[in-house]
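Worksheet for the structure shown next.
Every chain is numbered from 1, with letters handed out A, B, ... down the list of sequences. Just so we're clear, the structure is a prediction, and the values are computed from it rather than from any experiment.
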Amino acid sequence: MKPTTAEGTRDFTPEQVLKRNYIFDTIRSVFVKYGYLPIETPAMENLSTLSGKYGEEGDRLLFKILNNGEYLKGIKPADIEAQAYKALTPALAKRGLRYDLTVPFARFVVMHQNEISFPFKRYQIQPVWRADRPQKGRYREFYQCDVDVVGSTSLVYEAELVQIYDEVFSKLNLPVVIKFNNRKILTGIAEVAGIPELMVDMTVAIDKLDKIGLDGVKKEMADRGIGEAAVEKITQILAIQSLEELESALSASETGKLGIQEIQTMLQFLNSSPLQQEVQFDITLARGLNYYTGCIFEVQAKGVTMGSIGGGGRYDNLTEVFGLKDVSGVGVSFGAERIYDVLESLQLFPNDNSSSLKVLFIVLNEEAQLYAFKALKKLRDAGVNSEMYPEPAKFDKQIKYAQKRQVPFVIIVDTDELQSGLLRFRDLTSNQVEKLNLEEIIAKTQAL
RNA sequence: GUGAUUGUAGCUCAGUUGGUUAGAGCACCAGAUUGUGGUUCUGGGGGUCGCCGGUUCGAACCCGGUCAUUCACCCCA
(Lines give C-alpha, C1' and ligand atoms only; values in the text may rest on other atoms or scores of the structure.)
Protein backbone atom coordinates (compact mmCIF):
# COMPACT_ATOMS: atom_id res chain seq x y z
CA MET A 1 0.00 0.00 0.00
CA LYS A 2 1.02 3.54 -0.57
CA PRO A 3 1.21 5.44 2.71
CA THR A 4 -0.42 8.82 3.07
CA THR A 5 -1.13 11.14 5.94
CA ALA A 6 -4.73 11.47 7.07
CA GLU A 7 -6.75 14.08 5.25
CA GLY A 8 -5.79 17.60 6.21
CA THR A 9 -2.73 16.56 8.26
CA ARG A 10 0.92 16.95 7.35
CA ASP A 11 4.41 15.76 8.14
CA PHE A 12 7.06 18.35 8.81
CA THR A 13 10.62 18.08 7.51
CA PRO A 14 13.57 19.21 9.65
CA GLU A 15 13.69 22.48 7.77
CA GLN A 16 10.00 23.09 8.38
CA VAL A 17 10.20 22.20 12.05
CA LEU A 18 13.05 24.67 12.52
CA LYS A 19 10.98 27.39 10.92
CA ARG A 20 7.95 26.50 13.00
CA ASN A 21 10.02 26.57 16.15
CA TYR A 22 11.19 30.04 15.23
CA ILE A 23 7.54 31.15 15.25
CA PHE A 24 6.71 29.31 18.46
CA ASP A 25 9.82 30.59 20.21
CA THR A 26 9.11 34.18 19.20
CA ILE A 27 5.54 33.99 20.41
CA ARG A 28 6.49 32.22 23.63
CA SER A 29 9.20 34.71 24.50
CA VAL A 30 6.68 37.58 24.33
CA PHE A 31 4.10 35.67 26.38
CA VAL A 32 6.67 35.02 29.07
CA LYS A 33 7.80 38.63 29.09
CA TYR A 34 4.26 39.78 29.79
CA GLY A 35 4.00 37.46 32.77
CA TYR A 36 1.99 34.57 31.38
CA LEU A 37 2.47 31.03 32.64
CA PRO A 38 2.39 27.85 30.56
CA ILE A 39 -0.19 25.10 30.92
CA GLU A 40 -1.03 22.05 28.84
CA THR A 41 -4.26 20.11 28.56
CA PRO A 42 -5.03 16.70 27.00
CA ALA A 43 -5.56 16.29 23.27
CA MET A 44 -8.90 14.65 24.05
CA GLU A 45 -11.65 15.96 26.25
CA ASN A 46 -14.96 14.51 27.32
CA LEU A 47 -17.36 15.31 24.54
CA SER A 48 -19.69 16.86 27.09
CA THR A 49 -17.00 19.46 27.81
CA LEU A 50 -16.74 20.43 24.16
CA SER A 51 -20.27 20.05 22.81
CA GLY A 52 -22.45 23.10 22.56
CA LYS A 53 -19.62 25.57 23.09
CA TYR A 54 -18.94 26.46 19.48
CA GLY A 55 -22.39 26.69 18.01
CA GLU A 56 -24.03 24.24 15.67
CA GLU A 57 -21.30 24.52 13.03
CA GLY A 58 -18.60 23.91 15.63
CA ASP A 59 -20.34 20.81 16.95
CA ARG A 60 -20.36 19.41 13.45
CA LEU A 61 -16.61 19.98 13.15
CA LEU A 62 -15.70 18.24 16.38
CA PHE A 63 -13.67 15.08 15.89
CA LYS A 64 -15.32 12.36 17.93
CA ILE A 65 -13.46 9.37 19.28
CA LEU A 66 -15.26 6.07 18.99
CA ASN A 67 -15.68 4.37 22.36
CA ASN A 68 -13.50 1.39 23.07
CA GLY A 69 -14.85 -2.10 23.61
CA GLU A 70 -18.43 -3.01 22.87
CA TYR A 71 -19.46 0.36 21.65
CA LEU A 72 -22.74 -0.88 20.21
CA LYS A 73 -23.92 -1.99 23.61
CA GLY A 74 -26.91 0.04 24.65
CA ILE A 75 -27.54 1.41 21.19
CA LYS A 76 -31.21 1.36 20.29
CA PRO A 77 -31.80 -0.26 16.90
CA ALA A 78 -34.59 2.23 16.38
CA ASP A 79 -32.12 5.10 16.60
CA ILE A 80 -29.93 3.50 13.95
CA GLU A 81 -32.94 2.86 11.77
CA ALA A 82 -33.98 6.49 12.08
CA GLN A 83 -30.38 7.68 11.67
CA ALA A 84 -30.85 9.72 14.84
CA TYR A 85 -27.29 11.04 15.01
CA LYS A 86 -28.04 13.41 17.86
CA ALA A 87 -29.05 10.54 20.08
CA LEU A 88 -26.41 8.12 18.75
CA THR A 89 -23.32 10.32 19.00
CA PRO A 90 -23.11 10.53 22.80
CA ALA A 91 -23.69 6.78 23.02
CA LEU A 92 -20.96 5.93 20.50
CA ALA A 93 -18.39 8.55 21.52
CA LYS A 94 -17.71 9.81 24.99
CA ARG A 95 -14.62 11.77 24.02
CA GLY A 96 -13.50 14.13 21.29
CA LEU A 97 -10.38 15.95 20.18
CA ARG A 98 -10.14 19.51 21.40
CA TYR A 99 -11.46 22.09 18.94
CA ASP A 100 -9.61 25.02 20.45
CA LEU A 101 -7.64 25.84 23.58
CA THR A 102 -10.06 28.26 25.21
CA VAL A 103 -12.78 25.83 26.25
CA PRO A 104 -10.31 23.31 27.71
CA PHE A 105 -8.76 26.26 29.52
CA ALA A 106 -12.14 27.21 30.99
CA ARG A 107 -12.49 23.63 32.21
CA PHE A 108 -8.97 23.83 33.63
CA VAL A 109 -9.77 27.02 35.53
CA VAL A 110 -12.88 25.54 37.09
CA MET A 111 -11.11 22.34 38.10
CA HIS A 112 -8.08 24.13 39.52
CA GLN A 113 -9.82 27.20 40.96
CA ASN A 114 -8.49 26.54 44.44
CA GLU A 115 -4.89 26.25 43.31
CA ILE A 116 -4.64 29.28 41.10
CA SER A 117 -4.67 32.91 42.11
CA PHE A 118 -6.64 35.40 40.10
CA PRO A 119 -6.10 37.18 37.84
CA PHE A 120 -4.63 34.05 36.30
CA LYS A 121 -2.50 34.60 33.22
CA ARG A 122 -1.68 31.56 31.16
CA TYR A 123 -0.42 30.70 27.74
CA GLN A 124 -0.83 27.45 25.87
CA ILE A 125 0.77 26.30 22.61
CA GLN A 126 -0.75 23.03 21.45
CA PRO A 127 -2.44 21.49 18.43
CA VAL A 128 -6.19 21.48 17.92
CA TRP A 129 -8.32 19.47 15.49
CA ARG A 130 -11.27 20.34 13.34
CA ALA A 131 -13.10 18.06 10.90
CA ASP A 132 -13.25 20.80 8.30
CA ARG A 133 -12.63 20.34 4.59
CA PRO A 134 -9.02 21.42 4.09
CA GLN A 135 -8.18 24.29 1.77
CA LYS A 136 -5.78 27.20 1.60
CA GLY A 137 -4.63 28.08 5.09
CA ARG A 138 -6.93 25.50 6.60
CA TYR A 139 -5.87 22.20 8.04
CA ARG A 140 -7.51 19.52 10.15
CA GLU A 141 -4.69 19.60 12.65
CA PHE A 142 -3.10 22.91 13.51
CA TYR A 143 -1.41 24.68 16.37
CA GLN A 144 -2.88 27.51 18.29
CA CYS A 145 -0.91 29.76 20.56
CA ASP A 146 -3.28 31.17 23.14
CA VAL A 147 -2.80 33.79 25.83
CA ASP A 148 -5.64 34.42 28.22
CA VAL A 149 -6.16 36.08 31.54
CA VAL A 150 -9.14 35.16 33.68
CA GLY A 151 -10.48 36.62 36.89
CA SER A 152 -10.34 40.29 36.05
CA THR A 153 -12.60 42.60 34.10
CA SER A 154 -9.92 45.26 33.78
CA LEU A 155 -9.53 46.69 30.32
CA VAL A 156 -5.82 46.90 30.98
CA TYR A 157 -5.68 43.37 29.68
CA GLU A 158 -7.37 44.22 26.40
CA ALA A 159 -4.68 46.83 25.90
CA GLU A 160 -1.97 44.41 26.98
CA LEU A 161 -3.11 41.79 24.47
CA VAL A 162 -2.97 44.34 21.68
CA GLN A 163 0.57 45.13 22.77
CA ILE A 164 1.40 41.43 22.65
CA TYR A 165 0.05 41.18 19.12
CA ASP A 166 2.01 44.28 18.20
CA GLU A 167 5.22 42.95 19.69
CA VAL A 168 5.04 39.43 18.29
CA PHE A 169 4.32 40.50 14.73
CA SER A 170 6.96 43.21 14.90
CA LYS A 171 9.49 40.65 16.08
CA LEU A 172 8.49 38.42 13.19
CA ASN A 173 8.92 41.39 10.87
CA LEU A 174 5.42 40.83 9.59
CA PRO A 175 3.27 43.88 8.86
CA VAL A 176 -0.29 43.37 10.09
CA VAL A 177 -3.50 45.19 10.87
CA ILE A 178 -4.86 44.56 14.35
CA LYS A 179 -8.60 45.07 14.12
CA PHE A 180 -10.88 45.42 17.09
CA ASN A 181 -14.54 45.85 17.84
CA ASN A 182 -16.86 45.18 20.75
CA ARG A 183 -19.70 42.73 20.86
CA LYS A 184 -21.67 45.20 22.98
CA ILE A 185 -21.58 47.65 20.10
CA LEU A 186 -22.98 44.99 17.80
CA THR A 187 -25.67 44.25 20.36
CA GLY A 188 -26.35 47.99 20.54
CA ILE A 189 -26.76 48.21 16.79
CA ALA A 190 -29.22 45.32 16.84
CA GLU A 191 -31.14 47.00 19.66
CA VAL A 192 -31.27 50.37 17.95
CA ALA A 193 -32.41 48.69 14.75
CA GLY A 194 -35.14 46.96 16.74
CA ILE A 195 -33.95 43.42 16.09
CA PRO A 196 -32.11 42.39 19.30
CA GLU A 197 -33.10 38.75 18.76
CA LEU A 198 -31.46 38.73 15.30
CA MET A 199 -28.13 40.12 16.52
CA VAL A 200 -26.20 36.98 15.54
CA ASP A 201 -27.68 36.91 12.03
CA MET A 202 -26.85 40.57 11.66
CA THR A 203 -23.22 40.11 12.68
CA VAL A 204 -22.72 37.12 10.40
CA ALA A 205 -23.93 39.25 7.52
CA ILE A 206 -21.91 42.40 8.23
CA ASP A 207 -18.79 40.35 8.90
CA LYS A 208 -18.73 39.68 5.16
CA LEU A 209 -18.76 43.34 4.16
CA ASP A 210 -15.31 43.45 2.60
CA LYS A 211 -15.97 40.19 0.80
CA ILE A 212 -19.46 40.64 -0.68
CA GLY A 213 -19.90 44.41 -0.49
CA LEU A 214 -22.67 46.50 1.00
CA ASP A 215 -25.37 45.24 -1.35
CA GLY A 216 -24.41 41.68 -0.59
CA VAL A 217 -24.65 42.37 3.13
CA LYS A 218 -28.08 43.95 2.71
CA LYS A 219 -29.26 40.95 0.77
CA GLU A 220 -27.86 38.54 3.30
CA MET A 221 -29.57 40.38 6.14
CA ALA A 222 -32.87 40.32 4.27
CA ASP A 223 -32.41 36.59 3.61
CA ARG A 224 -31.85 36.09 7.31
CA GLY A 225 -35.18 37.68 8.11
CA ILE A 226 -34.16 41.20 9.01
CA GLY A 227 -36.81 43.74 7.99
CA GLU A 228 -36.26 46.50 5.49
CA ALA A 229 -36.39 49.33 8.02
CA ALA A 230 -33.87 47.58 10.26
CA VAL A 231 -31.54 46.91 7.33
CA GLU A 232 -31.70 50.59 6.45
CA LYS A 233 -30.91 51.62 10.01
CA ILE A 234 -27.99 49.18 10.22
CA THR A 235 -26.61 50.43 6.91
CA GLN A 236 -26.66 53.99 8.23
CA ILE A 237 -24.76 53.01 11.34
CA LEU A 238 -22.16 51.04 9.38
CA ALA A 239 -21.33 54.18 7.42
CA ILE A 240 -20.31 56.02 10.60
CA GLN A 241 -16.62 56.82 10.84
CA SER A 242 -15.96 58.21 14.31
CA LEU A 243 -16.62 56.78 17.75
CA GLU A 244 -18.33 60.04 18.77
CA GLU A 245 -20.90 59.77 16.02
CA LEU A 246 -21.39 56.13 16.81
CA GLU A 247 -22.01 56.99 20.44
CA SER A 248 -24.85 59.33 19.58
CA ALA A 249 -26.27 56.85 17.08
CA LEU A 250 -26.34 54.21 19.81
CA SER A 251 -27.55 56.55 22.58
CA ALA A 252 -30.75 54.57 22.92
CA SER A 253 -28.82 51.42 23.83
CA GLU A 254 -27.19 51.15 27.25
CA THR A 255 -25.23 48.13 26.10
CA GLY A 256 -24.04 49.89 22.98
CA LYS A 257 -22.82 52.89 24.97
CA LEU A 258 -21.00 50.60 27.36
CA GLY A 259 -19.23 48.97 24.42
CA ILE A 260 -18.00 52.35 23.21
CA GLN A 261 -16.81 53.25 26.68
CA GLU A 262 -14.85 50.02 26.88
CA ILE A 263 -13.15 50.77 23.61
CA GLN A 264 -12.32 54.29 24.71
CA THR A 265 -10.80 53.03 27.94
CA MET A 266 -8.74 50.46 26.07
CA LEU A 267 -7.51 53.10 23.61
CA GLN A 268 -6.56 55.35 26.51
CA PHE A 269 -4.23 52.66 27.81
CA LEU A 270 -2.92 51.91 24.35
CA ASN A 271 -2.18 55.55 23.60
CA SER A 272 0.22 55.69 26.52
CA SER A 273 2.93 54.06 24.45
CA PRO A 274 3.51 53.89 20.72
CA LEU A 275 2.68 50.77 18.72
CA GLN A 276 4.50 49.61 15.61
CA GLN A 277 1.62 47.91 13.84
CA GLU A 278 -1.57 49.41 12.53
CA VAL A 279 -4.46 49.20 15.00
CA GLN A 280 -7.89 49.80 13.62
CA PHE A 281 -11.45 49.96 14.88
CA ASP A 282 -13.65 47.90 12.57
CA ILE A 283 -17.35 47.98 13.22
CA THR A 284 -17.92 45.10 10.81
CA LEU A 285 -15.71 42.74 12.77
CA ALA A 286 -17.94 40.05 14.29
CA ARG A 287 -16.02 36.78 14.93
CA GLY A 288 -17.80 33.50 14.84
CA LEU A 289 -17.37 31.93 18.24
CA ASN A 290 -20.40 33.03 20.14
CA TYR A 291 -18.93 33.07 23.62
CA TYR A 292 -17.42 36.53 23.19
CA THR A 293 -19.17 39.29 25.12
CA GLY A 294 -16.91 42.36 25.01
CA CYS A 295 -13.95 43.50 22.98
CA ILE A 296 -13.07 41.30 20.03
CA PHE A 297 -9.84 41.19 18.02
CA GLU A 298 -8.66 39.92 14.71
CA VAL A 299 -5.29 40.18 13.00
CA GLN A 300 -4.78 40.28 9.27
CA ALA A 301 -1.46 40.12 7.45
CA LYS A 302 -0.76 42.88 4.96
CA GLY A 303 0.20 42.06 1.42
CA VAL A 304 -1.17 38.51 1.20
CA THR A 305 -4.55 36.91 0.71
CA MET A 306 -5.06 34.88 3.81
CA GLY A 307 -7.78 34.59 6.43
CA SER A 308 -7.11 36.03 9.85
CA ILE A 309 -3.86 34.92 11.46
CA GLY A 310 -5.06 35.62 14.96
CA GLY A 311 -8.15 36.50 16.90
CA GLY A 312 -9.73 36.65 20.29
CA GLY A 313 -11.79 38.65 22.68
CA ARG A 314 -13.44 38.90 26.06
CA TYR A 315 -15.81 36.27 27.35
CA ASP A 316 -17.75 36.83 30.54
CA ASN A 317 -19.54 33.55 30.95
CA LEU A 318 -17.27 30.83 29.70
CA THR A 319 -16.63 29.12 33.03
CA GLU A 320 -20.27 29.40 34.03
CA VAL A 321 -21.33 26.25 32.20
CA PHE A 322 -18.72 24.40 34.24
CA GLY A 323 -20.21 25.78 37.47
CA LEU A 324 -18.02 28.78 38.17
CA LYS A 325 -19.76 32.14 37.85
CA ASP A 326 -18.42 35.65 37.55
CA VAL A 327 -15.02 34.82 36.18
CA SER A 328 -14.45 37.10 33.23
CA GLY A 329 -11.69 36.29 30.83
CA VAL A 330 -10.03 37.81 27.84
CA GLY A 331 -7.57 36.23 25.46
CA VAL A 332 -6.19 36.06 21.98
CA SER A 333 -4.84 33.34 19.76
CA PHE A 334 -2.09 33.16 17.16
CA GLY A 335 -2.65 30.87 14.18
CA ALA A 336 0.82 29.40 13.79
CA GLU A 337 0.13 27.55 10.52
CA ARG A 338 -1.16 30.61 8.79
CA ILE A 339 1.65 32.75 10.16
CA TYR A 340 4.01 30.14 8.71
CA ASP A 341 2.34 30.27 5.30
CA VAL A 342 2.41 34.06 5.30
CA LEU A 343 6.07 34.29 6.36
CA GLU A 344 6.91 31.75 3.68
CA SER A 345 5.12 33.55 0.88
CA LEU A 346 6.61 36.91 1.91
CA GLN A 347 10.02 35.28 2.39
CA LEU A 348 10.37 36.65 5.89
CA PHE A 349 12.04 33.68 7.56
CA PRO A 350 15.52 34.67 8.74
CA ASN A 351 18.54 32.67 7.68
CA ASP A 352 19.46 31.49 11.10
CA ASN A 353 22.06 28.77 10.97
CA SER A 354 23.02 28.92 14.61
CA SER A 355 21.61 25.49 15.31
CA SER A 356 22.88 23.84 12.16
CA LEU A 357 25.89 21.71 11.40
CA LYS A 358 29.19 23.62 11.23
CA VAL A 359 31.81 21.04 10.39
CA LEU A 360 31.94 17.69 8.65
CA PHE A 361 34.93 15.36 8.79
CA ILE A 362 35.80 13.74 5.50
CA VAL A 363 37.77 10.58 6.15
CA LEU A 364 39.59 8.70 3.43
CA ASN A 365 40.77 5.57 5.19
CA GLU A 366 40.02 3.57 8.30
CA GLU A 367 42.91 4.92 10.27
CA ALA A 368 41.76 8.44 9.50
CA GLN A 369 38.27 7.47 10.60
CA LEU A 370 39.51 6.47 14.03
CA TYR A 371 41.55 9.64 14.32
CA ALA A 372 38.64 11.81 13.21
CA PHE A 373 36.23 10.16 15.60
CA LYS A 374 38.45 11.16 18.47
CA ALA A 375 38.86 14.69 17.13
CA LEU A 376 35.12 14.90 16.61
CA LYS A 377 34.47 14.39 20.29
CA LYS A 378 36.89 17.20 21.15
CA LEU A 379 35.18 19.51 18.70
CA ARG A 380 31.77 18.66 20.10
CA ASP A 381 32.99 19.14 23.65
CA ALA A 382 34.08 22.59 22.57
CA GLY A 383 30.48 23.29 21.53
CA VAL A 384 30.98 23.05 17.78
CA ASN A 385 28.13 21.29 15.94
CA SER A 386 30.00 18.67 13.98
CA GLU A 387 29.70 15.32 12.32
CA MET A 388 31.81 12.72 10.56
CA TYR A 389 31.03 10.84 7.39
CA PRO A 390 30.41 7.34 8.69
CA GLU A 391 32.75 5.48 6.35
CA PRO A 392 35.83 6.15 4.26
CA ALA A 393 33.87 6.46 1.04
CA LYS A 394 34.96 8.15 -2.13
CA PHE A 395 35.79 11.82 -1.79
CA ASP A 396 33.08 12.77 -4.28
CA LYS A 397 30.44 11.11 -2.29
CA GLN A 398 31.52 12.66 0.97
CA ILE A 399 31.77 16.18 -0.35
CA LYS A 400 28.41 15.88 -2.04
CA TYR A 401 26.94 14.90 1.28
CA ALA A 402 28.57 17.96 2.82
CA GLN A 403 26.98 20.18 0.21
CA LYS A 404 23.60 18.65 0.76
CA ARG A 405 23.84 19.21 4.47
CA GLN A 406 24.93 22.77 3.76
CA VAL A 407 27.93 22.47 6.02
CA PRO A 408 30.15 25.53 5.78
CA PHE A 409 33.39 23.67 6.57
CA VAL A 410 34.89 20.26 6.05
CA ILE A 411 37.99 18.76 7.61
CA ILE A 412 39.77 16.32 5.32
CA VAL A 413 41.74 13.55 6.96
CA ASP A 414 43.99 11.26 4.92
CA THR A 415 47.30 9.51 5.52
CA ASP A 416 49.35 12.70 5.15
CA GLU A 417 47.27 14.48 7.76
CA LEU A 418 47.70 11.64 10.22
CA GLN A 419 51.47 11.92 9.99
CA SER A 420 51.73 15.71 10.20
CA GLY A 421 48.82 16.36 12.56
CA LEU A 422 47.91 19.24 10.31
CA LEU A 423 44.39 18.80 9.02
CA ARG A 424 43.03 20.19 5.80
CA PHE A 425 40.37 22.69 6.88
CA ARG A 426 38.36 23.72 3.88
CA ASP A 427 35.83 26.52 3.57
CA LEU A 428 33.22 25.28 1.15
CA THR A 429 31.96 28.71 0.20
CA SER A 430 35.32 30.21 -0.73
CA ASN A 431 37.05 26.86 -1.41
CA GLN A 432 40.08 28.03 0.58
CA VAL A 433 42.11 25.33 2.23
CA GLU A 434 44.14 25.88 5.37
CA LYS A 435 46.38 23.37 7.07
CA LEU A 436 45.63 23.64 10.76
CA ASN A 437 46.01 21.51 13.85
CA LEU A 438 42.96 20.56 15.85
CA GLU A 439 43.36 23.31 18.46
CA GLU A 440 43.46 25.96 15.77
CA ILE A 441 40.38 24.52 14.15
CA ILE A 442 38.50 24.50 17.44
CA ALA A 443 39.42 28.11 18.09
CA LYS A 444 38.30 29.08 14.61
CA THR A 445 34.99 27.24 14.56
CA GLN A 446 34.00 28.18 18.08
CA ALA A 447 33.97 31.82 17.05
CA LEU A 448 31.40 31.18 14.30
C1' G B 1 -21.66 19.56 4.65
C1' U B 2 -21.86 21.55 -1.05
C1' G B 3 -19.17 22.09 -5.79
C1' A B 4 -14.84 21.58 -8.64
C1' U B 5 -9.55 19.83 -9.38
C1' U B 6 -5.43 16.63 -9.58
C1' G B 7 -3.10 11.57 -8.62
C1' U B 8 2.31 7.94 -13.80
C1' A B 9 9.94 6.12 -10.88
C1' G B 10 12.50 9.01 -4.62
C1' C B 11 11.34 14.36 -6.99
C1' U B 12 9.43 17.44 -11.38
C1' C B 13 6.70 15.90 -15.32
C1' A B 14 5.75 13.57 -20.78
C1' G B 15 2.65 9.57 -22.46
C1' U B 16 -1.15 10.23 -29.54
C1' U B 17 -8.20 8.18 -31.44
C1' G B 18 -7.96 2.69 -25.86
C1' G B 19 -3.21 -1.32 -28.99
C1' U B 20 2.96 -5.06 -28.06
C1' U B 21 8.08 -4.53 -23.33
C1' A B 22 5.11 2.93 -19.96
C1' G B 23 9.37 7.31 -21.03
C1' A B 24 12.61 11.99 -19.96
C1' G B 25 15.31 15.22 -16.64
C1' C B 26 17.04 15.38 -11.72
C1' A B 27 18.32 12.02 -7.68
C1' C B 28 20.45 7.08 -6.47
C1' C B 29 24.16 2.86 -7.42
C1' A B 30 28.60 0.96 -10.19
C1' G B 31 32.87 1.70 -13.38
C1' A B 32 36.10 5.06 -15.84
C1' U B 33 37.88 10.16 -15.70
C1' U B 34 39.39 14.11 -12.41
C1' G B 35 44.20 14.72 -7.55
C1' U B 36 44.13 22.04 -4.38
C1' G B 37 39.42 16.05 -5.54
C1' G B 38 32.47 19.01 -6.13
C1' U B 39 33.73 18.01 -13.28
C1' U B 40 32.79 14.81 -17.33
C1' C B 41 31.66 10.03 -19.70
C1' U B 42 29.55 5.05 -19.76
C1' G B 43 26.44 1.60 -17.68
C1' G B 44 22.72 0.06 -14.00
C1' G B 45 18.70 -0.48 -10.41
C1' G B 46 13.96 1.41 -9.55
C1' G B 47 6.87 1.93 -11.55
C1' U B 48 0.62 -3.41 -9.69
C1' C B 49 0.20 4.12 -13.77
C1' G B 50 -3.23 6.05 -5.81
C1' C B 51 -6.54 1.78 -4.50
C1' C B 52 -10.99 -1.44 -5.66
C1' G B 53 -14.36 -2.77 -9.22
C1' G B 54 -16.71 -2.30 -14.21
C1' U B 55 -16.86 -1.76 -19.80
C1' U B 56 -13.64 -3.98 -23.73
C1' C B 57 -10.41 -9.00 -27.57
C1' G B 58 -7.27 -5.26 -25.16
C1' A B 59 -7.32 0.21 -20.11
C1' A B 60 -2.25 4.77 -17.55
C1' C B 61 -6.24 6.49 -21.06
C1' C B 62 -13.47 5.26 -20.81
C1' C B 63 -17.20 4.48 -16.44
C1' G B 64 -18.40 3.82 -11.01
C1' G B 65 -16.69 3.75 -6.10
C1' U B 66 -12.89 4.83 -2.65
C1' C B 67 -8.45 7.21 -0.50
C1' A B 68 -5.51 11.41 -0.83
C1' U B 69 -4.18 16.65 -3.16
C1' U B 70 -5.34 21.57 -4.41
C1' C B 71 -9.20 25.28 -4.64
C1' A B 72 -14.04 27.88 -3.91
C1' C B 73 -18.58 27.99 -0.81
C1' C B 74 -19.97 27.32 4.35
C1' C B 75 -17.23 28.31 8.49
C1' C B 76 -12.67 29.58 10.58
C1' A B 77 -6.82 29.99 12.70
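- Backbone-only engagement by V204(A) is indicated by non-hydrogen atom pairs under 4.0 Å involving sugar-phosphate atoms exclusively.
- Counting distance only, with no hydrogens placed and no angle test, the side-chain atoms of R133(A) and the base atoms of rC73(B) include no donor-acceptor pair under 3.5 Å.
- Pairs engaging residues 36-47 of chain A under the salt bridge (charged side-chain N to carboxylate O under 4.0 Å, His left out) rule: E45(A)-R107(A) [sequence neighbours left out].
- Taking the six-membered ring where tryptophan is involved, the planes of F24(A) and Y143(A) are tilted, since the angle between them lies from 30° to 60°.
- Residue K211(A) has its side chain nearest to rC75(B) when only rA68(B), rC75(B), rU39(B) are considered.
- When the salt bridge (charged side-chain N to carboxylate O under 4.0 Å, His left out) test is applied to E57(A), the partners found at least two apart in sequence or on another chain are R60(A).
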message: Can you give me the dot-bracket string for RNA chain B, 5' to 3', counting Watson-Crick and G-U wobble pairs with both distances under 3.5 Å, using [ ] for crossing pairs and | for partners on another strand?
response: ((((.((..((((.....[...)))).(((((.......))))).....(((((..]....))))))).))))....
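- Taking the C1' atoms as reference points, rC29(B) lies 7 Å from rG45(B), given to the whole Å.
- Ion pairing of K444(A) with E440(A) is absent here, as no side-chain N (NZ or NE/NH1/NH2) approaches a carboxylate O to less than 4.0 Å.
- Judged as a salt bridge (charged side-chain N to carboxylate O under 4.0 Å, His left out), and not counting sequence neighbours, R426(A) has no contacts.
- Residue pairs satisfying the ring pair (Phe, Tyr, Trp, His ring centres under 6.0 Å) criterion with at least one member in residues 415-448 of chain A, sequence neighbours excluded, are listed as follows: F409(A)-F425(A).
- If you check rC75(B), rA77(B), rA72(B) against the side chain of D132(A), the one that comes closest is rC75(B).
- Nucleic acid contact class of S308(A) (heavy atoms, under 4.0 Å, all strands): sugar-phosphate only.
- Nucleic acid contact class of G310(A) (heavy atoms, under 4.0 Å, all strands): sugar-phosphate only.
- In this structure, K435(A) reaches neither bases nor backbone, as no heavy-atom distance under 4.0 Å exists between it and the strands shown.
- The pair D100(A)-K53(A) does not meet the salt-bridge criterion, since no charged nitrogen lies less than 4.0 angstrom from a carboxylate oxygen.
- Phosphate contact (OP1/OP2 of rC28(B), side-chain N/O of K404(A), threshold under 4.0 Å): present.
- For K378(A), the salt bridge (charged side-chain N to carboxylate O under 4.0 Å, His left out) criterion is met by no residue, not counting sequence neighbours.
- Here side-chain hydrogen bond (donor to acceptor under 3.5 Å, both in side chains) pairs that include residues 308-319 of chain A, with residues two or more places apart or in two chains, are D148(A)-Y315(A), E158(A)-R314(A), T293(A)-D316(A), R314(A)-S328(A), D316(A)-S328(A).
- Residues from residues 413-427 of chain A with heavy atoms under 4.0 angstrom of RNA chain B, sorted by number: R424(A), R426(A).
- Contacts of I212(A) with the nucleic acid, taken as non-hydrogen atoms under 4.0 Å apart, are absent.
- For the P atoms, the distance from rU5(B) to rG43(B) is 43 Å, rounded to whole Å.
- The shortest distance between the side-chain N/O atoms of Q135(A) and the OP1/OP2 oxygens of rU70(B) is not below 4.0 Å.
- Look at the C1' atom in both rG25(B) and rU21(B): the space between them is 22 Å, to the nearest Å.
- In this structure, the salt bridge (charged side-chain N to carboxylate O under 4.0 Å, His left out) partners of D25(A), at least two apart in sequence or on a different chain, are R28(A).
- For residues 396-405 of chain A, the pairs satisfying salt bridge (charged side-chain N to carboxylate O under 4.0 Å, His left out) are E387(A)-R405(A), with sequence neighbours left out.
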Could you write out each protein N or O paired with an N or O of nucleotides 29-32 of chain B at a distance under 3.5 Å?
{"residue": "rC29(B)", "atom": "OP1", "partner": "K397(A)", "partner atom": "NZ", "Å": "3.2"}

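- The list of salt bridge (charged side-chain N to carboxylate O under 4.0 Å, His left out) pairs with a residue in residues 328-350 of chain A, not counting sequence neighbours, reads R10(A)-E337(A), K19(A)-E344(A), R20(A)-E337(A).
- If you take atom P in rU2(B) and the same atom in rC13(B), they sit 30 Å apart, rounded to whole Å.
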